[in-house]
Amino acid sequence: MTSTADDLQSDFLTTMHARGYVHQCTDPIGLDAALTGGVVPAYIGFDCTADSLHVGSLVQIMMLRWLQKTGHKPIVLLGGGTTRIGDPSGRDASRQLLTDADIQHNMDGIRQVFEKFLTFGDGPTDAVMVNNADWLDGLAYIPFLREVGRHFSVNRMLSFDSVKLRLEREQPLTFLEFNYMILQGYDYLELSRRSGCLLQMGGSDQWGNIVNGVELTRRIDQREIYGLTSPLITLANGQKMGKTAQGAIWLNEDRLSAYDYWQFWRNTADADVERFLKLFTELPLDEIAELSKLEGQELNAAKKRLADAATAMAHGEAAAAAAAETARRAFEEGDSADGLPTLSITQAQADAGITVIDLMIEAGMAKSRGEARKLIRGGGVRVADEKVADEALSVSADAFAAGPLKLSVGKKRHVLVHTAD
């Protein structure tokens with residue numbers, strides 16, 4: 001088992017190591033040999049718990065994208081079957097059970113994400129999308145237990161973090177959820193048989209589930225396959241990637257505007273810039289190294305480069321350019337640019353008068369009244385570019401006579417408030 005990336009020959013694994021995607025691998029030498037020997041089909045599974053993915057899934061999406069760029073075949077597995085159970089990994093409580101209609105709706109939304117990042121088709125390295133309901137829905141319980149269940153030790157299953165942590169916290173784990181790791185292992189066996197899949201990838205929290213599939217396939221079909229996981233990505237402040245005070249950073253534009261997506265990357269903490277340029281863009285490593293040398297205000301150029309590149313992949317070059325121009329006009333020229341995110345209030349609210357604190361909460365710029373007051377006291381809140389000094393300040397219908405009203409928190413967060421009938 002290789003201890004460094006120096007011995008690797010395949011473009012894919014070399015790229016994965018150089019850009020920081022690798023956490024664990026079941027057999028780096030064997031996988032490297034397979035990758036240099038021909039086209040390797042590889043998959044990552046995504047359960048359909050929402051109608052979009054968010055940036056917390058972006059590392060896995062980028063791994064599939066790099067897989068394709070280095071000459072291999074991505075398989076996107078949508079969990080139409082496993083979503084009915086819910087992955088217990090990293091959770092203290094059971095997921096809400098979704099209806100079949102909900103799952104199909106979510107699946108349709110998730111498909112749109114991958115069309116931006118991968119090339120689909122019938123060619124040897126074209127991506128394909130599959131649904132594990134195609135084989136899980138038809139399983140016969142007793143034959144499945146005899147063929148597959150006998151290869152899983154309950155003792156070992158209890159040692160996996162997804163189970164152990166729930167039990168240690170004395171949180172209930174249903175028998176339904178306990179079956180999830182068996183079904184995920186079976187997914188890998190099925191994809192090995194159906195598509196010649198040689199590699200499953202996922203986040204570090206999926207390591208146990210991936211190893212189950214590797215071992216199950218070896219035992220039943222005597223076939224060597226591989227697993228690769230990426231590290232857990234957190235922000236410099238320790239917060240989980242993909243979640244902010246304003247909510248999830250969704251990848252579909254109907255859930256989050258291209259402008260807000262661009263702003264998320266533009267607001268990257270200084271300490272995260274180099275790492276995120278490697279993980280979330282395809283910029284050459286030598287260019288990233290030069291951008292990472294910038295300091296102070298000059299580092300903003302690297303953040304804009306990150307925002308441009310990341311937004312172009314998710315929303316297209318035109319949307320990225322428009323978002324960048326909107327930001328430039330809003331922040332550098334002081335315009336209330338049309339592309340800023342908006343908040344609509346009713347005419348009745350405007351007529352009655354609405355406090356700035358209420359506007360901040362409705363716009364997601366503060367999570368509570370206490371936080372809003374603290375921001376005002378700190379001098380960070382402005383209405384129409386005028387600093388707010390009075391915590392009780394209200395705006396009325398007269399404030400909207402000339403059009404939408406710009407509400408700002410700090411230098412980078414702006415919302416256009418307008419009235420609607």
Side-chain angles (χ1 to χ4, degrees), residues 43-54 56-57 60-61 64 75-114 128-152 154 157-158 160-167 171-195 197 200-203 205-213 216-217 242 248 250-252 255:
Y43 92 97
I44 300 178
F46 300 86
D47 277 347
C48 309
T49 54
D51 60 3
S52 174
L53 299 175
H54 58 65
S57 297
Q60 280 69 55
I61 296 172
L64 289 174
I75 300 172
V76 179
L77 173 66
L78 296 185
T82 44
T83 303
R84 296 179 183 176
I85 295 174
D87 184 359
S89 300
R91 297 183 64 86
D92 285 338
S94 301
R95 295 183 186 272
Q96 179 182 357
L97 293 181
L98 301 177
T99 67
D100 288 349
D102 289 335
I103 292 171
Q104 184 60 53
H105 171 75
N106 292 344
M107 198 176 299
D108 293 341
I110 291 172
R111 281 195 179 100
Q112 297 174 29
V113 172
F114 286 99
V128 295
M129 189 171 287
V130 297
N131 179 357
N132 64 11
D134 291 346
W135 54 83
L136 294 181
D137 282 2
L139 288 175
Y141 191 57
I142 298 300
F144 178 73
L145 289 180
R146 284 178 60 87
E147 180 188 7
V148 176
R150 64 191 178 92
H151 294 289
F152 287 81
V154 171
M157 291 168 72
L158 289 171
F160 288 128
D161 285 344
S162 59
V163 174
K164 184 171 64 175
L165 294 178
R166 183 84 70 85
L167 297 179
Q171 298 291 338
L173 178 74
T174 67
F175 180 69
L176 180 69
E177 295 172 285
F178 194 59
N179 279 272
Y180 187 92
M181 66 180 73
I182 299 178
L183 295 180
Q184 184 170 323
Y186 183 71
D187 281 345
Y188 200 174
L189 175 65
E190 276 292 325
L191 286 174
S192 170
R193 292 172 172 176
R194 291 169 177 246
S195 306
C197 188
Q200 182 185 0
M201 300 183 290
D205 62 330
Q206 295 299 313
W207 177 249
N209 291 332
I210 291 173
V211 169
N212 280 336
L216 180 67
T217 303
W250 299 104
L251 298 178
N252 280 356
R255 296 292 299 268

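Both backbone and side-chain heavy atoms feed into the values below; hydrogens, waters and symmetry mates do not.
Minimum interatomic distance between M107 and G80 (heavy atoms only, all atoms of both residues): CE-CA, 3.6 Å. Nearest heavy atom pair, residue I75 against residue L191, reads CG2-CD2, 4.4 Å. T83 and C48 get closest at one heavy-atom pair: OG1-N, 2.8 Å. Across every non-hydrogen atom of V113 and S52, the tightest pair is CG2-OG, 4.3 Å. Scanning all heavy atoms of the two residues, the minimum distance from L78 to M129 falls at CD1-SD, 3.6 Å. A pairwise comparison of heavy atoms in F46 and S57 identifies CE2-CB, 4.3 Å as the closest pair.
With 3.5 Å as the limit, one finds no donor-acceptor pair spanning the side chains of Q200 and Q206. Under the 3.5 Å distance criterion, with hydrogens and angles disregarded, a donor-acceptor pair is assigned to the side chains of Y186 and E190.
Within the 4.5 Å cutoff, the side chain of N212 has no heavy atoms near those of the Q184 side chain. Y43 places a side-chain heavy atom less than 4.5 Å from the side chain of D187. Contact check for F178 versus L158: side-chain heavy atoms found under the 4.5 Å cut-off. The shortest side-chain heavy-atom distance between I103 and R84 falls under the 4.5 Å cut-off.
Remark: the backbone N or O of I142 is not paired with any side-chain donor or acceptor of R146 at under 3.5 angstrom. Between the side chain of S192 and the backbone N or O of Y188, no donor-acceptor pair lies under 3.5 Å. Checking side-chain atoms of D47 against main-chain N and O of T49 turns up no donor-acceptor pair under 3.5 Å. Between the side chain of N106 and the backbone N or O of D51, at least one donor-acceptor pair lies under 3.5 Å.
Between atom CG of residue L183 and atom OG1 of residue T82 there is a gap of 7.5 Å, rounded to the nearest 0.5 Å. In this structure, CE on M157 lies 4.5 Å from CE on M181, to the nearest 0.5 angstrom. In this structure, the separation between CG on D137 and CG on D100 is 8.0 Å, given to the nearest 0.5 Å.
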#### Entry: side-chain hydrogen bond (donor to acceptor under 3.5 Å, both in side chains) between D108 and Q112, worked out
CA-CA 7 Å; D108 293 341; Q112 297 174 29; over 6 Å; no
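The only option from L77, L64, I210 that meets the side-chain contact (heavy atoms from CB on, under 4.5 Å) definition with I44 turns out to be L64.
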